[in-house]
Q: 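Before I ask anything, let me first share the structure, which is written out below as structure tokens.
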Amino acid sequence: MKRIVMLVLGFFMLISGASAYQVFIYAPDTLTVGKPLVVNGTTTFGIGTPIDVVLYRQVTTSTEVKRKIAYVQSDNTFRVVFDTTNLQTGLYKVEVPASGTGDSISMRQVRLIDRSDEITLTSQTTQTLSGKMYIDGKITGDTNSGVQIAVIGPDNSVIYGPMYVGTDSLGGFDVVVPISQTGDYEVSFTDDQGYVGSRTISIIGGHETIAPETTVTTTTILSAHGRTSRDNPIYFIVQPVGDAPVTISTSTSVDWVVEYVDANGDLHTINDQGDITPEEIVVNGADKPLYFKVYPYKYSVSAEVYLYTENADSVMVSPTVPAVFGVTTLAPVSPAERQKSPLATAGSIAAVCMASLFIQLRRH
């Protein structure tokens, strides 16, 4: 009788042990919003068994965000990937509900963080196709340590990097990436703490004209750029294409003042627009180098300016002050200077009067 009881108990234990399937999942403790949340797992379930993996948002209670089904592979592993784009920061958990018994680990907590505000781009987010894309900016906290940059093109191919770029003492960086087509380019940034964030730079084409033969000709737009202020203006040299009219325009977001010397040597000052519309100049019949001086209207501003050219062989930042600007410029007078002008004039008149009075006294 005892042998029968022992056989029955052993049979039930065997069944119980066989049904105690185990599941172990693995996920990162911390992840930056926008990066894929990869959940890997192992299990004693059979090959092809569907496994539910659920992403929950944890505040005061758990709220289901997304659910995916994975299938057990031949090596008893499974894997799902959750897109975290546009998710809020905070505490989440990934879980395989009712996975089994025993020492299974079927739940992991993940904290989503957002570091995108640590990246500031100073280059234009919309640039004209010129064969190059400029990526200038600053990353918080990465002074002199570098940042990894990768660029994905409009066709989802990686056209640059991932490559580490040095940063200066303020965390600044600048990269020039060769490109050959218009569209949206995704630029992602990663430092020694992990993924930081991404930005989109849109590349647009130039103006197109249709010839009588129905062929399309694209006007080449060249550009150069640099930082400028009222105290330290930037100078550009533009070489026209023969004697064809040259169109010059500035970038936006700042109220720019443009001084230029035409082919006849005459000095002009342009400040017709504000900070929304670019300053635009057309110089006719020029076959000699043209010189431009650009600076912000406000004394308190120091910023990056782009100078775009059409019908030009080249445009470049002048390493020195061109000799043509060795004369007094026609820069707009600031409000503070306007307030001082009457006093300065009065002071000059008073000085002349005093000198005349002194001469008369000496004669007597």
Q: Taking the side chain as everything from C-beta on, heavy atoms only, tell me whether Ile248 gets closer than 4.5 Å to Tyr308.
A: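 No, side chains not in contact.
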Q: Determine the minimum heavy-atom distance between Val301 and Pro296, stating which atoms define it.
A: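 For Val301 versus Pro296, the nearest heavy atoms are O-CG, 3.3 Å.
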Q: In Å, rounded to the nearest 0.5 Å, how long is the span from CD of Glu95 to CD1 of Ile105?
A: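 Atom-to-atom, Glu95:CD and Ile105:CD1 are 13.0 Å apart.
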Q: Are Phe173 and Met163 linked, directly or through intermediate hydrophobic residues, by side-chain heavy-atom contacts shorter than 4.5 Å (ILVMFWY only)?
A: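 Yes, same cluster.
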Q: For the residue pair Tyr185 and Gly153, what are the closest heavy atoms and their distance?
A: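 Closest heavy-atom pair between Tyr185 and Gly153: CD2-CA, 3.7 Å.
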Q: Quick one: sort the Tyr235 and Phe325 rings into parallel, tilted or perpendicular, breaks at 30° and 60°.
A: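 Tilted.
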Q: Hydrophobic cluster membership, with links at side-chain heavy-atom distances under 4.5 Å among I/L/V/M/F/W/Y: are Tyr164 and Ile149 in one?
A: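 Unlinked, Tyr164 and Ile149 end up in two clusters.
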Q: Do you know the tightest heavy-atom contact between Asp313 and Pro240?
A: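 Scanning both residues completely, I find the closest heavy atoms to be OD2-O, 3.6 Å.
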Q: If hydrophobic clusters are built from ILVMFWY residues whose side chains come within less than 4.5 Å, do Val54 and Leu112 share one?
A: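 Different clusters: Val54 never reaches Leu112 through Ile, Leu, Val, Met, Phe, Trp or Tyr contacts under 4.5 Å.
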Q: Could you tell me if the side chain of Val53 sits less than 4.5 Å from the side chain of Phe78, heavy atoms only?
A: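 Yes, their side chains come closer than 4.5 Å.
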Q: Side chains of Ile203 and Leu129: does their closest heavy-atom pair fall under 4.5 Å?
A: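 When only atoms from C-beta onward are counted, Leu129 and Ile203 do touch, with a gap below 4.5 Å.
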Q: Report yes if some heavy atom in the side chain of Val187 is under 4.5 Å from a heavy atom in the side chain of Tyr160; otherwise report no.
A: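 No; the side chains remain at least 4.5 Å from each other.
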Q: Look at the side chain of Thr190 and the backbone N and O of Tyr195, then say whether any donor-acceptor pair between them is shorter than 3.5 Å.
A: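 Flag not set: sc Thr190 to bb Tyr195 has no pair under 3.5 Å.
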Q: Restricting to non-hydrogen atoms, name the atom on Asp168 and the atom on Leu170 that form the minimum distance, rounded to 0.1 Å.
A: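 What the structure gives for the nearest pair is OD1-N, 2.9 Å.
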Q: Report yes if the side chains of Asp255 and Asn271 come closer than 4.5 Å at any heavy-atom pair, otherwise no.
A: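 They are in contact (side-chain heavy atoms under 4.5 Å apart), so the answer is yes.
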Q: Near Gln181 CD, under 6.0 Å, is it more than 12 heavy atoms from other residues, nucleotides or ligands?
A: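 Buried by this count: over 12 neighbours within 6.0 Å.
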Q: Starting from the C-alpha separation in whole Å, work towards a yes-or-no answer on side-chain hydrogen bond (donor to acceptor under 3.5 Å, both in side chains) for Ser202 and Asp184.
A: CA-CA 4 Å; Ser202 299; Asp184 292 337; 2.7 Å; yes
Q: Take atom NZ in Lys93; do more than 12 heavy atoms of anything else shown fall under 6.0 Å from it?
A: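 Check passes, neighbour count above 12.
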Q: With the side chain counted from C-beta on, respond yes when Val151 and Val175 share a heavy-atom pair under 4.5 Å apart, and no when they do not.
A: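 Heavy-atom side-chain distance check fails, nothing below 4.5 Å.
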Q: Do Tyr260 and Trp256 land in one hydrophobic cluster if side-chain heavy atoms of ILVMFWY residues count as linked below 4.5 Å?
A: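 Same cluster: Tyr260 reaches Trp256 through Ile, Leu, Val, Met, Phe, Trp or Tyr contacts under 4.5 Å.
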Q: Got a sec, which pairs hit salt bridge (charged side-chain N to carboxylate O under 4.0 Å, His left out) with one end in residues 48-61, sequence neighbours left out?
A: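 Found Asp52-Arg67.
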Q: Let me know which of Asp191, Thr32, Thr140 forms a side-chain hydrogen bond (donor to acceptor under 3.5 Å, both in side chains) with Arg115.
A: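 Only match with Arg115 under side-chain hydrogen bond (donor to acceptor under 3.5 Å, both in side chains): Asp191.
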Q: Testing the 3.5 Å rule here: is there a donor-acceptor pair between the side chains of Asp231 and Ser229?
A: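 There is no such pair (donor and acceptor under 3.5 Å, judged by atom type) between the side chains of Asp231 and Ser229.
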Q: With hydrophobic residues grouped by side-chain heavy-atom distances under 4.5 Å, do Met316 and Val321 end up in a single group?
A: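 Same cluster: Met316 reaches Val321 through Ile, Leu, Val, Met, Phe, Trp or Tyr contacts under 4.5 Å.
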Q: Establish, for the pair Lys66 and Phe82, whether the NZ or CZ atom is under 6.0 angstrom from the six-membered ring centre and no further than 45 degrees off its axis.
A: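 Geometry flag: not set, cation outside 6.0 Å or 45°.
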Q: What's the spacing between Gln73 CD and Ile47 CD1 if we round to 0.5 Å?
A: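 One finds 9.0 Å between CD of Gln73 and CD1 of Ile47.
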Q: Which atom names give the shortest non-hydrogen contact between Pro36 and Val81, and what distance separates them?
A: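 Minimum heavy-atom contact is CB-CG1, 3.6 Å.
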Q: Decide side-chain contact (heavy atoms from CB on, under 4.5 Å) for Val254 and Val305; before the verdict, give the C-alpha distance in whole Å, the side-chain angles of both, and the deciding distance to 0.1 Å.
A: CA-CA 8 Å; Val254 171; Val305 63; over 6 Å; no
Q: With sequence neighbours excluded, what pairs up with Gln124 under the side-chain hydrogen bond (donor to acceptor under 3.5 Å, both in side chains) test?
A: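 side-chain hydrogen bond (donor to acceptor under 3.5 Å, both in side chains) check on Gln124 returns nothing, list empty.
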Q: Under 6.0 Å from the CG atom of Asp272, do we count more than 12 heavy atoms belonging to anything else shown?
A: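 Yes, because the 6.0 Å sphere around CG of Asp272 holds more than 12 heavy atoms from other groups.
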Q: Which distance, rounded to the nearest 0.5 Å, do you find between the CD1 of Ile201 and the CG of Leu121?
A: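 One finds 5.5 Å between CD1 of Ile201 and CG of Leu121.
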Q: Would you compute the distance between atom OG of Ser123 and atom NE2 of His225 and round it to the nearest 0.5 angstrom?
A: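 One gets 8.0 Å once the value is rounded to the nearest 0.5 Å.
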Q: If you count heavy atoms of other groups shown closer than 6.0 angstrom to CG of Asn86, is the number above 12?
A: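 12 or below, so no.
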Q: When rounded to the nearest 0.5 angstrom, what distance separates CD in Glu310 from CD1 in Ile221?
A: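 Separation between the atoms: 4.5 Å.
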Q: Can you name the closest pair of heavy atoms from Pro154 and Gly183 and give their distance?
A: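 Here Pro154 and Gly183 meet closest at CG-CA, 3.8 Å.
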Q: Should Val147 and Val196 count as side-chain neighbours, where that means a heavy-atom distance under 4.5 Å?
A: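 They are not in contact (no side-chain heavy atoms under 4.5 Å apart), so the answer is no.
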Q: Going through the checks in order, is the side-chain contact (heavy atoms from CB on, under 4.5 Å) test met by Val282 and Thr247?
A: CA-CA 4 Å; Val282 177; Thr247 301; 3.9 Å; yes
Q: Any chance you could measure Thr309, atom OG1, to Leu290, atom CG, to the nearest 0.5 Å?
A: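 Rounded to the nearest 0.5 Å, the OG1-CG separation comes to 10.0 Å.
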Q: Below 4.5 Å, heavy atoms only, C-beta onward: do Lys138 and Thr122 meet side chain to side chain?
A: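 They are not in side-chain contact.
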Q: Checking Thr89 against Val33 for the side-chain contact (heavy atoms from CB on, under 4.5 Å) test, could you report, in this order, the C-alpha distance in whole Å, the side-chain angles of both residues, the deciding distance, and whether it holds?
A: CA-CA 7 Å; Thr89 58; Val33 172; 4.0 Å; yes
